[in-house]
There are 2 protein chains.
Amino acid sequence: MITKPRIRRNPEEARALILAAAGKRLEEHGLRGLNIKDVADDSGIKHGTLLHHFGSAEGMRRALLAKLSEELISDMSSILNSDAAPEIVFVELFRLMSQTGQTKLLAWRALEEDSDIVSKEEIASIDLIEHIVQRVAERIKGKDVDLARNLIFLALSSAVGWGICGPTLMSTLGMTASQQDQFPAWVGEQLPKLI
Amino acid sequence: MITKPRIRRNPEEARALILAAAGKRLEEHGLRGLNIKDVADDSGIKHGTLLHHFGSAEGMRRALLAKLSEELISDMSSILNSDAAPEIVFVELFRLMSQTGQTKLLAWRALEEDSDIVSKEEIASIDLIEHIVQRVAERIKGKDVDLARNLIFLALSSAVGWGICGPTLMSTLGMTASQQDQFPAWVGEQLPKLI
DNA sequence: TTTACTATTGACACCATTGTTAATAAGAGG
DNA sequence: CCTCTTATTAACAATGGTGTCAATAGTAAA
């Protein structure tokens, strides 16, 4: 009797493998793709092993949600915190949000009731964000911190909206493809005018 | 043998009953609440009857998606098309998008691959939107239609982003509750300055 | 080498959801 | 009153996703 060789991974490695496959499935197949059978198949392990590492299917989903949220906050922070000119910063922000993975992550979070799943990690990032707010405020006469916050949130919310339903809304508005492409740059030019 | 009396509805009435219950379930329980068993129970009919009217569970979901999308486009149009001052219009727009139903609708659409389910109805509303774009353009010197389009899209996308993850993003930015409430009004004041 | 720990696996059971079918009954039209 | 259509229902079957369990096999430590 020949038995198949087993690959024994350490727990972190196994979890990382599984979450990577889960993230890809979320992008390609939406929420319905996030079942333990398919995710396990994609990552080359058996579904029993997956349950061993995450406890339940819901546990796996929560772990993925937390991981992706952390990554998004991190990406946003590093873009906002860069020394690039505002025009570049805004374009980068829109480019980040137009990735399907980010869109589906935000949509998924909006559909979940208990959206405080990842609040701990995000609260940890407030300090960094606050630093960014201060830096933007310094460019404003009178160092208007509230104005800086509003401007940053306007850029962020618009980028999110762009990611969620940009193409649909824009074609509804009758915008051509090139007009759609130029919108991020336009925002980058216009928002500084409000200072 | 006593048989229960049967209520016989006409098809439109039955479909309306079912979709109303489905919409409420989407708001309260998310996508997982959109199964034929629960929806049928809530609307007081048997799940077999539901399948008779919509063909399949997916058919019911597509019908709900189409109905809600139509309603959203209609609400957006009537707000944009009102004669109210820009400040009021923006606040109304944000109020519309902050309703949980609209949030979940957009999130749902973003998660679905085939987002052209409702394209026909939306395309039919382009004429109305185009009329609104023209009206806004008339307030701009030189009747800059492209600028009008960009402004409207900035407002819309920001409102969508506000609906999808407004509270989360804003508390991450360190905004107080009152600052969060005032944001729509702030947008209403600022955007006209870009003209 | 021996032992202890645990990641891994296959097989199984369970449950929720979906879909099918034949029978029934309500209502419209003749 | 009779007939035809079809909305309605209960009961059943099928499927797929979830979770359990005992056995197995790497791996590190004693």
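Just so it is clear: chains get the letters A, B, ... in the order the sequence lines come, proteins before strands, and each one is counted from 1.
Position along DNA chain D of the nearest nucleotide to Gly55(A) versus Asp38(A) favours Asp38(A) as the more 5'-ward residue.
Checking the phosphate oxygens (OP1, OP2) of dT18(C), a side-chain nitrogen or oxygen of Arg61(B) falls inside 4.0 Å.
Side-chain heavy atoms closer than 4.5 Å link hydrophobic residues (I, L, V, M, F, W, Y) into clusters, and following such links, even through other members, never connects Leu191(B) to Val91(B).
At a threshold of 4.0 Å, the pair Lys67(B)-Glu70(B) does not count as salt-bridged, since none of the basic side-chain nitrogens sits closer than that to a carboxylate oxygen. Checked for salt-bridge contact, Glu130(B) and Arg149(B) meet the test: a charged N lies under 4.0 Å from a carboxylate O. Look at Arg95(B) and Glu92(B) and you find a salt bridge, because one of the NZ, NE, NH1 or NH2 atoms lies within 4.0 Å of a carboxylate O, short of that distance.
One atom, CD1 of Ile36(B), and another, C1' of dT15(D), lie 13 Å apart when rounded to the nearest Å. One can place CG of Leu51(B) at 17 Å from P of dA11(D), the figure rounded to the nearest angstrom. In this entry the distance linking CD of Glu13(B) with P of dT8(D) reads 9 Å, nearest Å. Look at NZ on Lys37(B): it is 18 Å from C1' on dG17(D), rounded to the nearest Å.
A donor-acceptor contact shorter than 3.5 Å is absent between the side chain of Thr49(B) and the backbone of Ile45(B).
Relative orientation of the Trp162(B) and Phe94(B) rings is perpendicular, given thresholds of 30° and 60° on the angle between their planes.
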Readout for nucleotides 5-16 of chain C: B = base within 4.0 Å of protein heavy atom, S = sugar-phosphate only, - = neither; 5' to 3' it is -BBBBSB-----
